[in-house]
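Below is one structure; the comments refer to it alone.
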Amino acid sequence: MIALLLRDLRLAIRAGGGFGLGLAFFLIVVTLVPFGVGPEGGVLARIAPGILWVGALLACLLSLDRIFALDFEDGSLDLLATAPIPLEGVVTIKAVAHWLTTGLPLVLAAPAFGVLLHLEGSANFWLVLSLALGTPALSVLGAFGAALTVGLKRGGLLLSLLVLPLYVPTLIFGAELVRRGASGMETQVPLLMLAGITAACIAVVPFASAAAIRVNLR
Amino acid sequence: MSIWEYANPKKFMQTSSWALPWVAGLALIALVTGLVWGFFFTPEDYKQGSTVKIIYLHVPSAMMAINIWVMMLVTSLVWLIRRHHVSALAAKAAAPVGMVMTLIALVTGAIWGQPMWGTWWEWDPRLTSFLILFLFYLGYMALWEAIDNPDTAADLTGVLCLVGSVFAVLSRYAVNFWNQGLHQGATLSMDKEENISDVYWYPLLLCIAGFILLFVTLVLIRTRTEIRARRLKALEARERMA
Amino acid sequence: MNALSVTDLAVSRGGLPVLEGLGFTLAPGRALVLRGPNGIGKTTLLRTLAGLQPPLAGQISVPPEAMAYAAHADGLKATLSVTENLRFWASVYGTGTIARALDDMNLRQLADRAAMSLSAGQKRRLGLARLLVTGRPIWVLDEPTVSLDAASVALFAEAVRTHLAGGGAALMATHIDLGIPEAEVLDLAPFKARTPEEGGMSGGFDEAFE
Amino acid sequence: MMTDLGKYADTVLAAYAVSIGLLLAIVIWSLWKGARVKRALEAQETRMGRRNG
């Protein structure tokens, strides 16, 4: 399992920009939004949680189709499915690798982007916390979507259509947590919901993803 | 005789061809009667004026939008557990009907909202939930279309339906939390029978029955089509092999 | 004691039966070559044996954790070196050592090269080296010698013989000579699935109505 | 006979028109697709010479 994780991370780094690509996309979104809505600090700070969350979501979506597609094309997925690691474990590791290469960099870089959008100190804290709690769910659910579409040639757009509705609860609670945290309101409910959704996703969704992969390899 | 016998395609084709005219006829009678009754012979609401007549379309379609998804969930489960092909095809057949129902609920809601709330679209929890449900229907149908092998498609859409159901419910809760419905309750609260007077209630019941029967009719027709399409595909494949 | 035994097996591809009534056994130390024209279902059969798809009918009996499957595609990562590719599979199968596989497949000089810079034949050898590091006794190989030159085929045959001598078994599908004359040959053509009119099984649901 | 819909006539009529239009669309589509597949299947069965329906 660890070997698989190391291999995936190594592949992401060698492929060039495994870590950087999502981050660069995130930066572009954050740069473009002020051009769209105007440079007014107050407005930006108010919509910043939403922008950053939607940006994180799209950045995550960008690299989803690569989770299984590469391994499917070169035959590794067949070999992994017949290897002594349970397929559920493979799926989970793949999602973890995806999170480490896209989710984690976003979490770490989020305060910098928050500053660009005039988020204040405490809001930045909530932003990092919400992203850290929420992005793992994005990767796990994304792996599920990727597992469903792994055999398809034109899977990219379909993948987005399948995955985005699944992201709604995480997006809502994530952005709401930042908004409430920034304005000093009660944060317990969105915090618990966000963490709960992520925990439940990690625990349950890999089984569905593994089932989907098995069906696709038939 | 067990209910599972209807999962045999032969038996299903026989039974459905016998039942179809009856169900279709009843659907037509119930829908026409209910809608005519509601449209021409019910009074205006003192607050909402004649817009109250939209409930005869809005409420049944909204109910069906949700119930059809539940039906798809049940048939998907039956397919995944007992591997009855007719069940999977019934789920496939129901999805476009559900999508149209969702669309009707959304459009009538928006048209109704325009004079009532002064805006076509309000990010009201219910409307938003239906928009999300609409996306789920779209994704489900797109996945069916994208996969060539019918058994693979049935399996994958079944799994998607399962996971999607959980997230649809979760989204409903999340959306409620996100925007605590400023508008619901202010309008007619339709869930509580006692808030609706009998004058509106009876034609509404008839319309609901009509929508259900129409749905059954459509699912029977479409499932028959899907079964035939699969037989056609199998015959073509065999012809190529021979 | 058989390593692998198959009775009355039927396999399907895309919902249509392709092979039926198939039965054979494979004892330790023996090799079996499956032959047949393209499209007969060699790959489908091997995928079924490897557990990637369920059989339409019949039994496959194989000891648990005994089989190593190698497909058409080698499953190599182009950006990883030969050693890294092998190390990965060795640790997945929990065997650890890759030195012998490198020697047996004559990959020593290439050990640090990235897989993408290998020739087609060298890649194939690396794919076969992957089999060696799995440490599994039963090899299931799909077209193992495609794109290998004569010397490499001999190298492959040698590796298979060593494996068999060590009590292993090998099941190979191919339509070209493998250079292993002592292997038994099973022609799949007589097992081609019959159409329903001829008394064969139908694809199940697809055709059964009216 | 036409009931008086008052100032909301446009709204109500639009809602009915759109809904009934959508319902008709799916009904017609289902019937058309059903007929098309049925015809294609019959043609295929005839061609393969095993008409037994």
Side-chain angles (χ1 to χ4, degrees), chain B residues 13 24 27 31 35 38-44 48-58 60-61 93 96-97 99-101 103-105 107-116 211 214-215 217-236 238-239 242, chain D:
Chain B
M13 291 304 276
L31 262 185
L35 287 179
F39 191 82
F40 293 110
F41 302 106
T42 55
E44 294 187 0
Q48 307 196 35
S50 59
T51 58
V52 73
K53 292 180 189 208
I54 298 176
I55 58 168
Y56 304 118
L57 296 164
H58 185 71
S61 60
V97 187
M99 194 200 72
V100 167
M101 292 295 176
L103 200 58
I104 291 177
V107 171
T108 52
I111 294 177
W112 198 352
Q114 208 279 327
M116 289 299 109
F211 268 75
L214 176 67
F215 163 67
T217 310
L218 285 172
V219 165
L220 287 181
I221 294 174
R222 299 183 64 88
T223 310
R224 288 168 65 84
T225 305
E226 295 297 341
I227 293 175
R228 287 205 174 99
R230 279 204 62 168
R231 179 172 162 81
L232 177 62
K233 209 174 168 185
L235 291 182
E236 281 171 354
R238 250 224 337 263
E239 200 177 38
Chain D
M1 188 198 88
M2 189 68 214
T3 48
D4 181 22
L5 294 170
K7 56 176 174 167
Y8 295 127
D10 292 351
T11 310
V12 177
L13 288 176
Y16 272 75
V18 171
S19 307
I20 292 172
L22 281 169
L23 286 180
L24 279 181
I26 183 129
V27 169
I28 290 167
W29 177 45
S30 303
L31 288 174
W32 174 77
K33 194 177 161 201
R36 198 184 46 144
V37 170
K38 192 175 177 190
R39 241 181 295 124
L41 178 59
E42 271 162 10
Q44 181 76 18
E45 280 179 335
T46 321
R47 195 143 54 88
M48 291 179 77
R50 347 179 291 115
R51 258 206 73 92
N52 45 12

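In this text the structure is predicted, and so the values were computed from the model without any measurement. Proteins come first, then strands; the chains are lettered A, B, ... in the order of their sequence lines, and each starts at number 1.
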> Using a cut-off of under 4.5 Å for heavy-atom pairs, which of B/Q114, B/R222, B/M99 has the most such pairs with chain D?
Replying inline: B/R222
>> Run B/K53 and B/W112 through side chain to side chain contact (heavy atoms under 4.5 Å, CB included) and show every step you take.
In response: CA-CA 10 Å; B/K53 292 180 189 208; B/W112 198 352; over 6 Å; no
> Do other residues, nucleotides or ligands put more than 12 heavy atoms under 6.0 Å from D/K38 NZ?
Replying inline: no
> Do D/R39 and D/Q44 come within less than 4.5 Å of each other through their side chains, counting heavy atoms only?
Replying inline: no
> For chain D, which of B/T217, B/V107, B/I111 has the most heavy-atom pairs under 4.5 Å?
Replying inline: B/I111
>> Among B/T108, B/L103, B/L57, which residue has the highest count of heavy-atom pairs closer than 4.5 Å to chain D?
In response: B/L57
> Which is it for D/L23 and B/M101 under the side chain to side chain contact (heavy atoms under 4.5 Å, CB included) test, yes or no, and what are the steps along the way?
Replying inline: CA-CA 8 Å; D/L23 286 180; B/M101 292 295 176; 4.1 Å; yes
>> Heavy-atom cut-off 4.5 Å, strictly under: side chain, backbone, both or neither for D/V27 against chain B?
In response: both
> Contact part of B/R224 toward chain D, heavy-atom cut-off under 4.5 Å: side chain, backbone, both or neither?
Replying inline: neither
>> The test is side chain to side chain contact (heavy atoms under 4.5 Å, CB included); show your working for B/R231 and D/E45 and say whether it passes.
In response: CA-CA 10 Å; B/R231 179 172 162 81; D/E45 280 179 335; 2.5 Å; yes
